[in-house]
There are 2 protein chains.
Amino acid sequence: MARDGKPTRKLILEQSRALVLEHGYAGTSIDQILERTGITKGAFFYHFKSKSALALALIEEFIQEDKSHMHTALNDTESTDDPLESLLAFVAWHINAMQEMDELFPGCLYASYSYEPGSFNQEINDKVSESILKWRTTFDGLLDKVFEKYTTSIKVDRQSLSDLFLSISEGSYIISRTLKEKDATVNQLQHLNNYFKLLFVPKK
Amino acid sequence: MARDGKPTRKLILEQSRALVLEHGYAGTSIDQILERTGITKGAFFYHFKSKSALALALIEEFIQEDKSHMHTALNDTESTDDPLESLLAFVAWHINAMQEMDELFPGCLYASYSYEPGSFNQEINDKVSESILKWRTTFDGLLDKVFEKYTTSIKVDRQSLSDLFLSISEGSYIISRTLKEKDATVNQLQHLNNYFKLLFVPKK
DNA sequence: TTATTTATACAGACTAGATGGTATAAATAT
DNA sequence: ATATTTATACCATCTAGTCTGTATAAATAA
């Protein structure tokens, strides 16, 4: 056959993601990508038929990784008896993952894309929405189990509780980026677990 | 004297902000701005000597508005005796402001700029950082007073507590934008106040 | 074995249009 | 009379995307 193109494709995706997170998608030119990767235009357009095809591949890869982490976290933290323990462990899993990173978190493509939706087609924007919703439904599942055995110490809005993890995560990424504070996300998510601990009390 | 240019400048800033929040800064061309405002290139470059001068003006105007809201909120909510009440009222002020909007919140320029820092010069990026820090120090002030009269029901990290408002706000904006759910921010911030209520207990 | 084919992977010049920005002269408003 | 705005032509550079050609390596056939 021919030489293996996978490393090249991987290199393009890696460097493109980094560039997009620093300049935005529209602010990232193909020439910049070529410079950063050391490949040529021919190679780039062999792997991606257009810039928007790259945008799609970037978000699809990011979504894959995101889902993968989510499932790993779910599997690693499902407790047999106590659903609150599972919930706290799930959040703690992500806290731990963040803590183990030795560099600043490079940023979330959902947020990046969401602040320039006009640069993308419907398909891409829909994928971002779906991914956000996936987080909501995942927490819905975890919280439903908690509410079977626990009640809340004060009255709260049940629905929006499912979005709090993503809210805090995304918000903390922005703080972390602008202030270049690596531990921002870890600290912020810890408060989410504090909230859960204070909020839920065993039924009866 | 001569005719007044202020309305034109205001129009440029208004429409540019909207465009930047939808396409990003790099994704917004001057031609797009001309089309949207109905003015000509001559008029644009009469008011802004370059595109980056517009970027600076946009963030400066946004920062002004942000500070103005912050001060109004502080003044409207300073309670004489109870610092916890002030804190809760300060958050509630923003919840209320969000609730009174009849359209979807168009987005935060801090977040927009922070996801394409490579498009801006140091001066602009520094202004964004400063603005984020301003929120931190503001909450530091409010929380310091709370900690004089209250203690926490569980052990928490005091420092990062000052960033939680901005974290939740920024994160909820992203959710609100992608899912086009107007009330996301209101609901998320309510959980912050819930947390504060549960966390703080009067000293002795 | 060796020559040839074939599919894949890449190189780099080239193009048409977009981009930010300039220049200029006339028109418009106060 | 002066600041503002229009209208339009223009420029250098950047942009995404195309094109033709070439290198690679495995499969095939002699």
Side-chain angles (χ1 to χ4, degrees), chain A residues 1-59 61 112-113 116-121 123-124, chain B residues 1-59 61 112-113 116-121 123-124:
Chain A
M1 296 283 267
R3 51 190 291 203
D4 188 14
K6 277 168 198 161
T8 303
R9 188 187 149 91
K10 195 185 164 196
L11 183 68
I12 295 172
L13 287 170
E14 266 175 19
Q15 299 304 316
S16 297
R17 183 193 289 190
L19 282 167
V20 167
L21 287 171
E22 282 298 302
H23 304 264
Y25 169 74
T28 300
S29 73
I30 291 169
D31 282 347
Q32 273 179 283
I33 297 169
L34 304 186
E35 199 178 5
R36 183 109 155 208
T37 55
I39 66 165
T40 61
K41 217 151 212 190
F44 177 88
F45 280 102
Y46 173 78
H47 289 283
F48 302 98
K49 72 170 199 293
S50 65
K51 196 189 175 187
S52 67
L54 172 69
L56 181 61
L58 277 175
I59 199 69
E61 189 195 46
S112 175
Y113 278 34
E116 51 173 326
S119 298
F120 306 105
N121 56 36
E123 185 190 6
I124 289 180
Chain B
M1 295 279 277
R3 59 189 290 195
D4 186 16
K6 278 169 198 161
T8 303
R9 188 188 148 90
K10 194 184 164 197
L11 183 67
I12 295 172
L13 287 170
E14 267 175 19
Q15 299 304 316
S16 297
R17 182 193 289 191
L19 281 168
V20 167
L21 287 171
E22 282 298 304
H23 304 265
Y25 170 73
T28 301
S29 72
I30 292 170
D31 281 347
Q32 270 179 286
I33 297 169
L34 303 185
E35 199 178 4
R36 183 107 153 210
T37 56
I39 66 164
T40 60
K41 220 160 200 188
F44 177 87
F45 280 102
Y46 176 79
H47 288 283
F48 302 97
K49 73 170 197 292
S50 65
K51 195 190 175 188
S52 66
L54 172 69
L56 181 62
L58 277 174
I59 199 69
E61 187 195 49
S112 175
Y113 278 34
E116 51 173 327
S119 298
F120 307 106
N121 56 35
E123 185 189 5
I124 290 180

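Chain naming here is simple, since letters A, B, ... match the order of the sequence lines and numbering starts at 1 in each. In what follows, every heavy atom counts, from backbone to side chain, and hydrogens, waters and symmetry copies are set aside.
Side-chain nitrogen and oxygen atoms of A/S29 include at least one within less than 4.0 Å of the OP1 or OP2 phosphate oxygen of D/dT15. Between A/S50 and D/dA16 there is no side-chain polar atom (N or O) within less than 4.0 angstrom of OP1 or OP2. At C/dC10, one or more side-chain N or O atoms of A/H47 fall inside 4.0 Å of OP1 or OP2 (strictly under the cut-off).
In terms of modelled atom types and a separation under 3.5 Å, the side chain of B/K41 and the main chain of B/D31 share no donor-acceptor contact.
To the nearest angstrom, P of D/dT24 lies 16 Å from OH of A/Y46. Distance B/F45 CZ to C/dT24 P: 16 Å, rounded to the nearest Å. Rounded to whole angstrom, the span from the NZ atom of B/K6 across to the C1' atom of D/dT5 amounts to 17 Å. Per the geometry, CD1 belonging to B/I30 stands 10 Å off P belonging to C/dT19, to the nearest Å. The separation between A/I33 atom CD1 and C/dG12 atom P is 18 Å, rounded to whole Å. Here D/dT15 presents its P atom at 16 Å from CG of B/D31, a figure rounded to the nearest Å. Between the P atom of C/dA27 and the CD1 atom of B/I39 lies a distance of 21 Å, rounded to the nearest Å. The distance between atom CD of B/E35 and atom C1' of C/dG20, rounded to the nearest whole Å, is 17 Å.
Between A/I33 atom CD1 and A/F48 atom CZ the span is 9.0 Å, to the nearest 0.5 Å.
Closest approach of A/R9 to A/A57, counting heavy atoms only: NH2-CB, 4.2 Å. For the pair B/I124 and B/I59, the tightest heavy-atom approach, listed with the atom from each and the gap, is CG2-CG2, 4.4 Å.
Looking at A/Q32, A/E35, A/R36 one by one, the single match for side-chain hydrogen bond (donor to acceptor under 3.5 Å, both in side chains) with A/Q15 turns out to be A/R36.
Nucleic acid contact class of B/K51 (heavy atoms, under 4.0 Å, all strands): sugar-phosphate only. Within 4.0 Å (heavy atoms only), B/T28 reaches sugar-phosphate atoms of the nucleic acid but no base atom.
You won't find any donor-acceptor pair under 3.5 Å spanning the side chain of B/K49 and the base of C/dG21, going by distance alone. A/K41 contributes a side-chain N or O that forms a donor-acceptor pair with the base of D/dA16 under 3.5 Å.
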